[in-house]
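Scroll down for the structure; my scribbles are underneath it.
Labels below follow one simple rule: chain letters A, B, ... track the order of the sequence lines, proteins then strands, and each chain is numbered from 1.
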Number of protein chains: 2
Amino acid sequence: MEKRKLLFQEKRTGTVTIIDVAREANVSPSTVSRVLNNAGTISPATVNSVYKAVEKLGYEPNMLARSFRKKETRTILILTPNMTNPYYSNILSGISDMSREMSYSSFICNTSAGTEQVKETLEMLPKHRADGAILLASEKGETWIRDFSEAYPIVQCSEFDPEIPVPHVSIDNYKAAVEAVRYLIRLGHRKIGTISSVNHYLSTQLRLRGYQDALTEAGIKPETRLIGYASKDYNYASGCAIAEKLLSMQDRPTAIFCISDVLAMGAINTAKKLGLRVPQDISIIGFDDVEQTAMFSPQLTTIAQPCYALGQKSAELLFMKLARGENIPMETVLPYEMVLRESTGPRPV
Amino acid sequence: MEKRKLLFQEKRTGTVTIIDVAREANVSPSTVSRVLNNAGTISPATVNSVYKAVEKLGYEPNMLARSFRKKETRTILILTPNMTNPYYSNILSGISDMSREMSYSSFICNTSAGTEQVKETLEMLPKHRADGAILLASEKGETWIRDFSEAYPIVQCSEFDPEIPVPHVSIDNYKAAVEAVRYLIRLGHRKIGTISSVNHYLSTQLRLRGYQDALTEAGIKPETRLIGYASKDYNYASGCAIAEKLLSMQDRPTAIFCISDVLAMGAINTAKKLGLRVPQDISIIGFDDVEQTAMFSPQLTTIAQPCYALGQKSAELLFMKLARGENIPMETVLPYEMVLRESTGPRPV
DNA sequence: TTTCGTCATGCAATCGTTTGCATAAATCAA
DNA sequence: TTGATTTATGCAAACGATTGCATGACGAAA
């Protein structure tokens, strides 16, 4: 038993508990609890006096105790590779807002250090620190995700592995890429390059395939020399580097499809550096439509992803699963939109 | 008492508890607890068998129970006005990483809806959902923060109210502004404008004052007509609008000091639109040095804030307070750096 | 050999809620 | 009027850990 010197007062902790409220309202703790959770049947008079007591004592329920007893944290876990990246931060924002709406809190965890960190962070689920999780970016082939998903509610947002049966929400990356490249073809371009990435995201793979298929479908033979691979994290510098390679070859492409806006900006700035005008000499199309591009000139033609909505939807699905049990769709596809701006134009003659 | 049909097994919940481990290791739960927390003195043999049991049963401590008992959540609360803003997201990143290092988790909460939402979110502290909080942006005059700060560990990052005694970390905004404007003066500029904001952040106020004092000190009389106020949230569009006003007046400024990079980019793009070359016709200097500006051309001359470090430091202070009680400094000032790039140049003749 | 620490461990209370069951009072049906 | 419901509330047992105290064993000092 713990040391406590009780002299005249029966109870003297700084914080006021449900028992204090009960005493004040002349009812039992159970009744207070029921009032506060409006569960069971309680007479209006009792309800009233309980609330009055709560008010008077400034009682705040101890969520730790509550969660402990109810075995529910009302907290979700969000794993993001990099919250500094505007693409992800917009998704996070969508998740956050939806969480608040459902009166959930969210642990947002950077997992930039890779798979080990992801696993470690997911341990929060068995440790009862969160009720479910949203994964923002898992590469293909991470089968251990399946194990977690079998034991806990998990939703994958934007990236997923089709082999692993975890509910996910994303756009149709393949179709989007096809549409982007078709558009370039319609502008008359024939030598079309792409800046992809060496990462193992499904989206990357699909966009590359879309690019190739769109070319083939138009009777253009995809050339490996026109495919560049940026670094794993798509960063600006690697976009510049790859663009430099593509644009300085003889018989260079007249248009480039980039799998992200950041890469596209790198490509554009590199083109300018090489003395090429965009879009007169070279057309460049991006992907994502992060808001930062609004300040860029020329303004980017790009595939707009509904980042915020992706986040919202993922959260919504997770909450459905948490509330109603099983039945949420395995695959949710949100619409993208191709937005035409200034970085693309007809093939130079 | 709760319904539970125990037939042959003494215990049959899905999750394995400390009691199961104790049974498996032939010790008492207290001993297991002591091993896991390496508290008290335990024989190596016992330690061993406990770990073996933990391993065998795949035991994961129930953090909810632990937190409840220990009255400590090992979670902090972070209030941010907008996690999508790169300035904040970098701070968040710093806080996050430091948290992980100290094995804390963090609730990141958007409080874009304003004061009411901030208050409501801070209720997590009395409700025992978090041990302390970091506030990323509080406007001047929010005295209720004092009340929370008296009852709970709170640190303010980047913005604060000097009237309210809450520990805070930031850069010296006044000095930075002075330095920026002095630099413009040194380049020969005399008609120097500024784009400030109508918000009530202390930093905004200090930067404006720094601007004015630097002019005065050089014998230049500050002119109200050269001061523009962007919208409360500093957004790009309002930067453009104010810049347009400043640049289209007759006797226009030849240099503009902007209190954020986003505003500076708005100003630059507007200048270009008006046919002015940057920096040949007009010099523009920003503030913050968010990484997005690297893709902008001309590259921004700006005051670089150590966002990530600001976050780290705030977290560090909070953890010190949580661990060791009171003694953390009221004011922590981190160094900024003026970085000279392409958007500023000598006064046009 | 006796006495006294120190070491290693167990006992049982406790943290603040929620909740299954019991019960008393009130309402209703017959 | 009486038995059957319903309504309103209380009792006390959980939930799964931590921890103050008690205790038994062992080794060292006297």
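- Whole-Å rounding puts the A:Leu64 CG to D:dC15 P distance at 18 Å.
- A close approach under 4.0 Å does not occur between any side-chain nitrogen or oxygen of A:Arg66 and OP1 or OP2 of C:dG16.
- B:Lys71 has a side-chain polar atom (N or O) that falls below the 4.0 Å cut-off from OP1 or OP2 of C:dG16.
- In this structure, B:His128 places its NE2 atom 13 Å from P of C:dC15, rounding to the nearest Å.
- Computed from coordinates, the A:Lys127 NZ to D:dA17 P distance equals 12 Å when rounded to whole Å.
- Counting only N and O atoms by type, the side chains of B:Arg100 and B:Ser106 include no donor and acceptor under 3.5 Å apart.
- When rounded to the nearest whole Å, the span between CD1 of A:Ile19 and P of C:dT14 equals 11 Å.
- Nucleotide D:dC15 holds its P atom 14 Å from the CD1 atom of B:Ile18, rounded to whole Å.
- Between the CZ atom of A:Phe68 and the P atom of C:dT18 there is a distance of 13 Å, rounded to whole Å.
- Residues A:Asp20 and A:Arg23 are paired through a salt bridge, judged by an N-O separation under 4.0 Å between the basic side chain and the carboxylate.
- The distance from atom NZ of B:Lys70 to atom C1' of C:dT14 is 15 Å, rounded to the nearest whole Å.
- Between A:Trp144 and A:Phe148, the ring planes lie perpendicular to each other; the angle is over 60°, past the 30° to 60° tilted range.
- Contacts between residues 28-49 of chain A and DNA chain D, defined by a heavy-atom separation under 4.0 Å, are made by A:Ser28, A:Ser30, A:Thr31, A:Arg34, A:Thr41, A:Ile42, A:Ser43, A:Thr46.
- Between A:Tyr104 and A:Phe319, the ring planes are tilted. Angles from 30° to 60° get that label.
- The CD atom of A:Glu60 sits 18 Å away from the C1' atom of C:dC15 (whole-angstrom rounding).
- Side-chain contact annotation: A:Ser158 with A:Tyr87, donor-acceptor N/O pair under 3.5 Å present.
- Annotation: A:Glu55, atom CD; neighbour count of heavy atoms from other residues, nucleotides and ligands within 6.0 Å does not exceed 12.
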